Amino acid sequence: MIKKCLFPAAGYGTRFLPATKAMPKEMLPIVNKPLIQYGVEEALEAGIKDIAIVTGRNKRAIEDHFDISYELESQIQGTDKEQYLTGIRQIMQNATFSYTRQVEMKGLGHAILSGRPLIGDEPFAVVLADDLCLNPDEDGVLEQMVKLYNQFRCSIVAIQEVPRDQTSKYGVIDGQMIRDDIYRVNTMVEKPAPEDAPSNLAIIGRYILTPDIFDLIEQTEPGKGGEIQITDALMKQAQQGCVLAYKFKGRRFDCGMTEGYIEATNYCYENFHKK
Ligand code: UTP
């Protein structure tokens with residue numbers, strides 16, 4: 001059973017400067033809710049209640065968001081504005097939060113390894129909050145993946161088809177199709193040029209990882225961009241055992257880029273807010 005979800009949230013968010021100069025990228029709002037809250041809601045819907053967050057300098061706002069703000073609460077108590085806090089209050093009642101800091105930002109693999117003390121020796125989910133995944137009225141993406149994990153018991157990465165000219169933004173897999181939406185991974189390449197990409201199946205920000213991944217990350221040398229890449233550790237895991245890639249159902253918005261962020265904002269406004 002997957003009980004814990006890790007949110008690596010220590011990155012600098014340079015593609016969103018200057019907004020991210022003093023504010024975490026994960027706190028950027030999509031309409032009126034920060035990105036990370038969407039991610040935590042997705043985890044809760046998947047039955048995961050222990051939320052572990054890897055933060056860094058300038059990320060205090062994340063901890064404050066999932067805590068009580070006494071001054072604000074007493075100010076609006078008994079007024080009709082209290083309704084705006086219903087969602088976040090429910091989250092705080094249903095989830096527990098733990099935090100650790102990544103002191104040097106040495107990449108996603110390193111961020112996940114920094115979360116090891118919060119996870120321990122059990123399988124866990126990973127959500128990159130700047131990838132907003134929505135599948136209204138049906139199972140969320142993490143819930144789909146948890147169900148798959150219960151069946152296959154190995155690491156799973158979420159994938160989607162991307163245009164060939166965009167492979168250099170992603171980890172790209174190749175593998176053997178074992179169901180129309182599941183591949184057994186043979187190869188994984190981090191940010192390949194289109195001509196070097198083994199396919200157009202790109203890894204997005206949802207993972208289920210078995211705990212042996214931590215030792216594999218520890219053995220991983222810095223790769224592309226001098227960062228410790230999770231794809232390199234996953235590649236080793238695929239060679240030693242099994243890693244699955246799952247073509248999820250739903251929509252994914254890359255909110256680490258302005259285009260994806262605007263698209264997500266318009267989608268959420270149209271679908272969840274507009275009366
Ligand atoms: P990104 O590359 O999308 O985030 O990493 P970034 O580095 O913050 O953004 P840019 O490229 O500078 O604009 C994917 C996820 O991994 C986390 C980020 O916070 C994001 O959620 N991350 C990345 C870490 O926690 N630590 C790192 O060292 C790198």
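On a predicted model such as this, the values are computed, not experimentally measured, just so you know. Hydrogens, waters and symmetry mates play no part in the numbers below; they use all other heavy atoms, side chains included. Both counts, for ligands and for their atoms, begin at 1 and track the order of listing.
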At under 4.0 Å between heavy atoms, which part of Asp130 makes contact with ligand 1: side chain, backbone, both or neither?
->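 Answer for Asp130: side chain.
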What part of His110, side chain, backbone, both or neither, has a heavy atom within less than 4.0 angstrom of ligand 1?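 Under 4.0 Å from ligand 1, His110 contributes no heavy atoms.
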query = What protein heavy atom sits nearest atom 9 (O) of ligand 1, and how far away is it?
reply =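 Closest protein heavy atom to atom 9 (O) of ligand 1: Lys25 NZ, 3.2 Å.
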| task | Please report which non-hydrogen protein atom sits nearest to atom 11 (O) of ligand 1, along with the residue it belongs to and the distance in Å to one decimal place. | result |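 Minimum-distance protein heavy atom for atom 11 (O) of ligand 1 reads Arg15 NE, 3.1 Å.
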Checklist entry - Are the side chains of Leu113 and Ile228 in touch, meaning some heavy atoms are under 4.5 Å apart? => result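 Not touching, per the 4.5 Å side-chain cut-off.
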For a quick check under 3.5 Å, do Asn186 and Gln176 share a side-chain donor-acceptor pair by atom type?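 Looking only at side-chain atoms, Gln176 and Asn186 do not form any donor-acceptor pair under 3.5 Å.
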Where ligand 1 meets [X] - atom numbers and elements under 4.0 angstrom, heavy-atom basis:
| X | answer |
| --- | --- |
| Lys106 | 28 (O) |
| Gln102 | 24 (C), 25 (O), 26 (N), 27 (C), 28 (O) |
| Glu26 | 19 (O), 21 (O) |
| Met105 | 28 (O) |
| Leu108 | 16 (O), 29 (C) |

Could an N or O of ligand 1 be found under 3.5 Å from any N or O of [X], whether backbone or side chain?
| X | answer |
| --- | --- |
| Ala129 | no |
| Lys59 | no |
| Leu128 | no |
| Gly11 | yes |
| Pro8 | yes |
| Ala10 | yes |
| Thr14 | yes |
| Tyr12 | yes |

> Under a 4.0 Å N-O cut-off, is there an ion pair linking Asp64 with Arg60?
Replying inline: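 Salt bridge flag = yes for Arg60 with Asp64.
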Salt bridge Lys249-Glu138, side-chain N to carboxylate O under 4.0 Å
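Here Lys249 does not pair with Glu138 in a salt bridge, since their nearest N and O are not under 4.0 Å apart.
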Distance (rounded to the nearest 0.5 Å) between Leu134 CG and Arg251 CZ
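Leu134 atom CG to Arg251 atom CZ measures 8.5 Å (nearest 0.5 Å).
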Let me confirm one number: the CD1-CD distance from Ile208 to Gln144, rounded to the nearest 0.5 Å.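 Separation between the atoms: 11.0 Å.
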ask   = Stepwise, does the ring pair (Phe, Tyr, Trp, His ring centres under 6.0 Å) test hold for Tyr261 with Phe16?
value = CA-CA 10 Å; Tyr261 179 79; Phe16 238 104; 5.2 Å; yes
- Task: Compute the ring centroids of Phe214 and Phe124, then answer whether they are less than 6.0 Å apart.
- Result: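 Yes, close enough.
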**Asked** Any protein heavy atom lying closer than 4.0 Å to atom 21 (O) of ligand 1?
**Response**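 Neighbour list for atom 21 (O) of ligand 1 includes protein heavy atoms (cut-off 4.0 Å).
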Taking the side chain from Arg57 and the backbone from Val103, do they hold a donor-acceptor pair closer than 3.5 Å?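 Yes, Arg57 side chain to Val103 backbone: donor-acceptor pair under 3.5 Å.
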Taking the side chain from Thr20 and the backbone from Gly13, do they hold a donor-acceptor pair closer than 3.5 Å?
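Yes; at least one donor-acceptor contact below 3.5 Å.
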Between Gly13, Gly107, Ala111, which one has a non-hydrogen atom sitting closest to atom 29 (C) of ligand 1?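 Shortest heavy-atom distance from atom 29 (C) of ligand 1: Gly107.
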| query | With a cut-off of 6.0 Å (strictly less than), are more than 12 heavy atoms of other residues, nucleotides or ligands near CG of Asn271? | reply |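 It does: Asn271 CG has more than 12 such atoms within range.
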Heavy-atom neighbours of Gln219 CD exceed 12 at 6.0 Å
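Yes, CD of Gln219 has more than 12 neighbouring heavy atoms, counting only those of other groups under 6.0 Å.
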- Query: Would you say Glu227 touches ligand 1, if touching means a heavy atom closer than 4.0 Å?
  - Reply: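 Contact check Glu227 vs ligand 1: negative.
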